Amino acid sequence: ISREELLAIIESRYPELLPLAKMMYSESNSVYYRWEDGSWCIVEMKRGVNQGCPLSIMFAALVLDAVLRPLQLLLDIRADERVADGDFGDDGYGSRTHLFANVDDTSTCVPLVDLAYFFQEFERLGKPRGCVLNATKTIIMPTCSGTSVIPRIRQEDPALADEIETTIATYSTGEETRGARLLGEPIGSGAFAIDFLNAKADEVQEKIAQLNANVSDLHTRLRLFSQCFIAKLPHLLGAEVMHTCPLNINAAEWKGWIGPYTERIESISKDFFTNLLSQPDLPLMSYLITQISVSQGGLGLLSPRHRAVPDFVLSMTQAVRYACDGIRINKDVEPVHLHPSIGDLFSLHKNHSSATLLRFWRLLPFIADVGCPSRCPANERINHFLKKVSTNSARGRIKRHCSDDATATLWRHVAAEHPEHVHLLPSILSPEMSYPLIATCRSVPRHRLTNWATTFGLLRKLRLPIFN
């Protein structure tokens, strides 16, 4: 971004920040980097914000806002002109463009008739301010059906088809027809989403294999697995439900959700423990203990079956709340309302064919029943969940409920399949046995367990044979 533009914006809108901004950005900075041979070089940095600057994100957003805000107004005018000409588009508002930006990650839903205009105007408004599109990272996805829509458009409007082709060739890596990643999540076709999820699982599995090969300390390996490696997977569980959940799912059995990505995560967890403890397999009883919370005597590891459906419903609830009621930044400030066409997308009454909304409304009553406080009347929980419950408090209640469910499942399983072990469960599910293995601070040297202590502690905790 242009530093001159940044300082001009701050001077006009936030003058109290100008002395601080001038101190950091009025002169060029020196960036040091090291070559492969160990020598150091210096590059003079005259544009952009500094890495490590606590205000860099907000400063970049200010400049990008100076590009996107007038661009949105220009695109709104084009949509209004189409409405005036009787062309209401597919949204009833003249096919309006919606611009979204997460600092420098800009995404837009733009009608194809405005595609070339959007890029031309972004270039015109952005270049003087230092905002330049990176064509090697830009994705244009006119469809997610798997086949190009340009031949179909050419049959009706050859000039528009040529314009779209030229725009795609000029400003992007090419026409995408299956899907893309948006802020870490897969969007597009179900097939693309499954491939994306499998690729992420493959990456983590490869990293775990390197962990097993290069880290000989078993306690370190366990802690890295629980806090780093397996933690890279759960944020995508909601996407699996969104793309693959059957429309006729028995929503009351949401805790038993199983999908291809969920199965991969379970397989990764079981393989890790069998490798760590040199066991041929991990029995169901042992696996359930790994998923019970530490405070209830388990290891507190990820339970993908319990996490997937709540993640999807909580994310959709937040999206519906933003789309229909606006984005509330502070309780004392009026919410920022989005255009009604976005709210229509999240209304089952107006978008009744949406598979995502059908899945959401089928699962919502059962998640709301758990996510609302117990004092909330049963007949008011759906509305209360949609309008008032915070995501964090709902997630906390659901987490406790799922841990209780895993504990109850363990007791039922042991009573049915291994009744001779029932009397051992109270001592096995002792939090005092769990904390040293999985939850203590390893910055304290005495909290670091030796290999033999880790092995025997885990074998005892998971009720696995200590001696062959």
Side-chain angles (χ1 to χ4, degrees), residues 1-33 42-80 96-110 114 117-134 137-138 171 182-184 318-319 321-343 390-392:
I1 63 171
S2 166
R3 295 187 173 186
E4 292 77 11
E5 178 72 16
L6 170 63
L7 294 174
I9 292 172
I10 292 175
E11 184 175 14
S12 62
R13 296 173 62 181
Y14 309 101
E16 63 275 12
L17 289 178
L18 188 60
L20 177 62
K22 279 188 172 181
M23 181 181 69
M24 294 188 291
Y25 294 107
S26 60
E27 298 180 1
S28 60
N29 302 97
S30 297
V31 178
Y32 296 83
Y33 65 95
I42 302 175
V43 173
E44 192 177 17
M45 180 179 174
K46 296 182 178 180
R47 303 169 73 89
V49 291
N50 301 327
Q51 286 189 355
C53 170
L55 297 175
S56 60
I57 294 176
M58 287 171 279
F59 285 168
L62 286 175
V63 179
L64 187 57
D65 179 71
V67 177
L68 297 182
R69 194 175 294 273
L71 177 57
Q72 182 71 67
L73 292 175
L74 292 172
L75 292 163
D76 288 347
I77 291 172
R78 288 172 67 90
D80 292 338
R96 298 186 80 88
T97 296
H98 300 290
L99 297 175
F100 307 94
N102 183 37
V103 191
D104 60 342
D105 284 338
T106 302
S107 58
T108 175
C109 297
V110 56
D114 286 342
Y117 179 82
F118 165 79
F119 280 101
Q120 291 163 5
E121 287 301 302
F122 188 98
E123 198 169 38
R124 180 182 68 82
L125 293 167
K127 274 191 174 180
R129 296 172 172 86
C131 299
V132 181
L133 282 169
N134 186 346
K137 294 184 178 180
T138 301
Y171 296 103
L182 178 61
L183 299 180
Q318 190 75 286
R321 202 177 288 177
Y322 286 160
C324 299
D325 301 330
I327 301 173
R328 185 173 292 279
I329 301 171
N330 185 283
K331 64 179 181 179
D332 299 321
V333 179
E334 282 294 310
V336 178
H337 291 282
L338 305 179
H339 191 270
S341 58
I342 297 179
S390 75
T391 301
N392 287 338

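Since the structure is predicted, the reported quantities are computational estimates derived from the model, not experimental observations.
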Reported [atom1]-to-[atom2] distance for the pair [X] and [Y], which is rounded to 0.5 angstrom:
X      : Y      : atom1 : atom2 : answer
Phe119 : Thr138 : CZ    : OG1   : 6.0 Å
Asp114 : Glu121 : CG    : CD    : 10.5 Å
Leu133 : Lys127 : CG    : NZ    : 10.0 Å
Glu4   : Ser26  : CD    : OG    : 10.5 Å
Met58  : Leu17  : CE    : CG    : 8.5 Å
Leu71  : Arg69  : CG    : CZ    : 12.0 Å

Could you tell me whether Asp325 and Arg321 have a side-chain N and a carboxylate O separated by less than 4.0 Å?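 Salt bridge absent between Asp325 and Arg321.
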Considering all heavy atoms of both residues, which atom of [X] and which atom of [Y] are nearest to each other, and what is their separation?
X      : Y      : result
Gly343 : Cys324 : O-SG, 4.2 Å
Val336 : Ile329 : CG2-CD1, 4.2 Å
Tyr322 : Leu338 : O-CD1, 3.9 Å
Glu11  : Leu18  : CG-CD2, 3.8 Å
His98  : His339 : CE1-CB, 3.8 Å
Ile1   : Ala60  : CD1-CA, 3.9 Å

Gln318 side chain to Ser390 main-chain N or O, any donor-acceptor pair under 3.5 Å?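 No, the answer is negative, given that no donor and acceptor are paired below the 3.5 Å cut-off.
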Just by modelled atom types, is the Pro128 backbone N or O under 3.5 Å from a matching donor or acceptor in the Glu5 side chain? no
Leu182 vs Phe100, side-chain contact (heavy atoms from CB on, under 4.5 Å): CA-CA, chis, key distance, verdict: CA-CA 11 Å; Leu182 178 61; Phe100 307 94; over 6 Å; no
For Ile327, does the CD1 atom have more than 12 heavy-atom neighbours from other residues, nucleotides or ligands under 6.0 Å away?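 Atom CD1 in Ile327 is packed in, count exceeds 12.
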Kindly check if the number of other-residue, nucleotide or ligand heavy atoms within 6.0 Å of CD (Glu16) is above 12?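 Enclosed: over 12 neighbouring heavy atoms sit under 6.0 Å from CD of Glu16.
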Any side-chain heavy-atom pair of [X] and [Y] under 4.5 Å:
X     : Y      : value
Arg96 : Asp76  : yes
Val63 : Ser2   : no
Leu74 : Tyr117 : yes
Leu55 : Leu20  : yes

Please assess Arg328 against Val333 for the test side-chain contact (heavy atoms from CB on, under 4.5 Å), listing each intermediate value before the final yes or no. CA-CA 7 Å; Arg328 185 173 292 279; Val333 179; over 6 Å; no
Between Lys22 and Leu7, does a side-chain contact (heavy atoms from CB on, under 4.5 Å) hold up when you go through it step by step? CA-CA 7 Å; Lys22 279 188 172 181; Leu7 294 174; 4.3 Å; yes
Classify the ring geometry between Tyr25 and Phe59 as parallel (under 30°), tilted (30 to 60°) or perpendicular (over 60°).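 Perpendicular: the ring planes of Tyr25 and Phe59 meet at over 60°.
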Go through it in stages, so that I can follow the logic: the residues are Arg129 and Ile9, the test is side-chain contact (heavy atoms from CB on, under 4.5 Å), and I'd like the CA-CA distance, side-chain angles, deciding distance and then a yes or no. CA-CA 11 Å; Arg129 296 172 172 86; Ile9 292 172; 5.9 Å; no
